[in-house]
Amino acid sequence: MTKYVYLFSEGNASMRNLLGGKGANLAEMTSLNLPVPRGFTITTEACTRYYNDGRQIAKEIEDQIMEALAKTEKIVGKKFGDPENPFLVSVRSGARASMPGMMDTILNLGLNDTVVQGLAKLTNNERFAYDSYRRFIQMFSDVVMEVEKSKFEKILDEVKEKKGAKFDTDLTAEDLKEVVEKYKELYRKEKGTEFPQDPKVQLMEAVKAVFRSWENPRAVVYRRLNDIPSDWGTAVNVQEMVYGNMGNDSGTGVAFTRNPATGEKKLYGEFLINAQGEDVVAGIRTPESIEKLKEINPEIYNQFTVIAETLEKHYKDMQDMEFTIERGKLFMLQTRNGKRTAAAALKIAVDLVSEGMITKEEALLKIDPKQLDSLLHPNFEPKALKAAVPIAKGLPASPGAATGKIYFTAEDAVNAVKNGESKVILVRLETSPEDIEGMHVAQGILTGRGGMTSHAAVVARGMGTCCVAGCGEISINEEEKYFIDKNGKKYNEGDWISLDGSTGNVYGEKLPTIEPEMTGYFATIMQWADEVRTLKVRANADTPKDAAQALKFGAEGIGLCRTEHMFFDADRIPAMREMIVARTEEQRRKALEKLLPMQRSDFEGLFEAMQGYPVTIRFLDPPLHEFLPQEDEDIATLAKEMGMTFEELKHVVTSLHEFNPMMGHRGCRLAVTYPEIAEMQTRAVIEAAINVNAKGIKVVPEIMIPLVGDVKELKYVKDVVVKTADEIIKKAGVNLEYKVGTMIEIPRAALTADEIAKEAEFFSFGTNDLTQMTFGFSRDDAGKFLEEYYNKKIYEFDPFAKLDQTGVGKLVDMAAKLGRQTRPDIKLGICGEHGGDPSSIAFCHKVGLNYVSCSPFRVPIARLAAAQAAIDNSGNLGQK
Ligand code: PEP
Ligand code: MG
């Protein structure tokens, strides 16, 4: 029989997949004899089974839950529903990977009309008992029964107003009894039944609600953004309640063993006196620093610091802990490896190695490569920053420099981006999990309320997005979409502001930014990564500027120069158009003559910038529609330049129309029909290489033929290339080595890679087209329906961003093997978007590619991801 329920005393940290992160750590802390309130965990397998069984909890699982409940009751000496000695629990979700704020929690479960009286007597605190009960009714109704929270809040506000109470704490026990009655009445009205009085029914309903919440829309979006598979499921933790709201000798807080923003080695945290668990995280009241606890209760503070140190040593990582003090007694409610900014992640990883706690390899594995992205983007230009006067200051919740136009709802921010706005800042009173997509598209987040551990702060740090939280100096009006700064100036939707996430300063203007530097801890980590990785990292770059940036970020070559991109500039596009619309070879050669010097000097620039590193130049591959003039005005101008009439040219343009340009006259098909194009490009590459070689920089150019599906196509174009190149080299009287290879981006090429390798000295997997052609949907249009595919769980991720290892990956693997079979020393790389995606990079490592190529800004990410893939594969982990 499968075991679906584990007491905390039965589990440990290694059972994360089964017990979820929270459950496994609660079990581990229990085994370390730390003060953890007792309880049990219902496994992630129970969640999966719940879905497989048609959203039902099997009898077998229910029996195991009841058995664990009975055992826990015995251990704590309390009983469900017993007014003399009631057992009250919290019910929380806990997935394998932490999903902050994503899943729902229910507190005070077990209360009912009689138990509340018992609790009042037992605690000698009627107010506390009824306050707990009204909170429970609200949470249970909202989370489990889907009665809107706002309806309860309205009742509470009405009672407060009637009693002249400003804060909730001003309400008396009698007032709260009235609130409870009204809440129950609301429940009856909404659900048509009485509020459930049987704690066992409450428990089973709550467990189901947690399972259900795994599929709520915000959890689904979070999983997609964070590569969490939907079949993992969530565990449920049922734990004895402890109360931080029992008076001034009670409290609750969150603390990190190191500063999560900077990585500084110092206990860092916040707590609230006389408050219940969620109050700190929800950011409703602004909490006190943990330092203050030292003054208020030095004994508890000392006990806590010892526990914090123990946990950090035990887990060998920075810990994020939740605790509660109930009437002077400390309880640990949770510990986990803390989320941190990219800067903090680097410092902590390097520090843990110098403290002798972990190896370099372990340190590398602790850093999420995607997180580095936030360090690779600009900071404010120091002079401009110094001159600027802040309009307000909030908490520096997540570092970085953000400049953008302000929007006051997540939806408005998302729409602004959809409508082409590239820089938006989300301004909210406080954020909630519903805001996740808006937070994701924003350059920065500004909140009016909440502390360093509020939802906005935690999520922004995880995303590497700049965030200033708890900025009480501005007053925000979300409904009317404006805020007012401390001087009374009004900022409306669409106005520019800038945020400094490292200081908490807010500026009422657009500040200039500068490029980042890779120094200090960043450089150390990159050096360690380079020591262990076997995959080379190149960049996709089309200009000397991009190439220089790539080199600065550690690229070891250019894996893809898209030559058609060199003609997008306004002053170059006419020559390119002239070439495309040419009707005779003569016209075409004339246009190509104009393109030759531009192309040659571009290549010289690239070769020089790359200082002898390999450069792969891909021959023309434009889907023609990207270049054709569409507007009559442009056609008229071009016609004039080409000495044609408007009608003549319009006719040519119409005749070039393709029904499916992505599968049309592009790639090597262009060179097959017009070999003079390949001749010109070969001339430009070879002459540039000869010129740069003459300057003492050794260049071995790699010429890459795109969109090949048949070896005969490749051979045809290659023959043109070799003939042209060899003639030029011979004429120049020099020695120049060059290589000719191809892209594998059509399934037929992958299937016949053994044939193709006879002609190709290298393969570069063009996984953008390979994905498009394998799935059979357009890379330009898939966005229109993929969203529905995610909603319907047909796909969990965008196959154009993360390699589909099952299908497209199979083709890559097969082509790599077939290619090597024919030509054992064939060089294999990838240059589609996937070359910068960590999980796809791990796949490339596994199938034995030689390099990945990605955009310059992703080069450091790829270096780290490649190192992680090497460490994971080589089994070096854990060896000191
Ligand atoms: C590809 O198809 O993966 C590729 C890199 O080429 P492009 O994106 O230019 O079609
Ligand atoms: Mg392509």
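Every number for a ligand or one of its atoms is a count from 1 in the order of the listing. Count residues from 1 along the sequence.
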The answer for which part of R779 has a heavy atom under 4.0 Å from ligand 1 is side chain
List the closest protein heavy-atom neighbour of atom 9 (O) of ligand 1: residue, atom name, distance to the nearest 0.1 Å.
-> R562 NE, 2.7 Å
Under-4.0 Å heavy-atom contact with ligand 1, by part of T767 that carries it | backbone
So which bit of L560 gets within less than 4.0 Å of ligand 1, heavy atoms only: side chain, backbone, both or neither?
-> side chain
Between A413 and V424, the two heavy atoms sitting closest are CB-CG2, 4.2 Å
Atom nearest to the Mg ion (ligand 2) - E745, N, O or S atoms considered | OE1
Short N-O contact, K723 and D719, less than 4.0 angstrom | no
Report, in ascending order of atom number, the atoms of ligand 1 lying under 4.0 Å from any heavy atom of G766.
-> 1 (C), 2 (O), 3 (O)
Are any side-chain N or O atoms of R533 and backbone N or O atoms of Q868, one a donor and one an acceptor, separated by less than 3.5 Å?
-> no
Backbone N/O of A591 and side chain of E578: donor-acceptor pair under 3.5 Å | no
Is it true that R666 lies under 4.0 Å from ligand 1, counting heavy atoms only?
-> yes
Where's the contact between E564 and ligand 1, heavy-atom distance under 4.0 Å: side chain, backbone, both or neither?
-> neither
Return yes if some donor-acceptor pair links the side-chain N/O of E604 with the main-chain N/O of A688 below 3.5 Å, else return no.
-> no
D769 heavy atoms within 4.0 Å reach ligand 1 at atoms 1 (C), 2 (O), 3 (O), 10 (O)
Closest protein heavy atom to atom 6 (O) of ligand 1, given as residue, atom name and distance to 0.1 Å = R618 NH1, 3.1 Å
Do P860 and F522 touch side chain to side chain, with heavy atoms closer than 4.5 Å?
-> yes
Please report the C-alpha distance between R224 and D798 in whole Å, then the side-chain angles of each, then the deciding distance to 0.1 Å, and finally whether the salt bridge (Lys or Arg N to Asp or Glu O under 4.0 Å) criterion is met.
-> CA-CA 9 Å; R224 198 164 74 236; D798 176 357; over 6 Å; no
Under 4.0 Å from one or more heavy atoms of C831, ligand 1 contributes atoms 5 (C)
Polar proximity ligand 1 side, L770 side, N/O cut 3.5 Å exclusive = no
Run the contact test for M743 against ligand 1 with a 4.0 Å cut-off on heavy atoms, strictly below, and give the result.
-> yes
Which N, O or S atom name in D769 marks its closest approach to the Mg ion (ligand 2)?
-> OD2
Salt-bridge criterion met for D769 and R779 (N-O under 4.0 Å) | yes
Close aromatic pair by centroid cut-off 6.0 Å: F775 and Y795 = yes
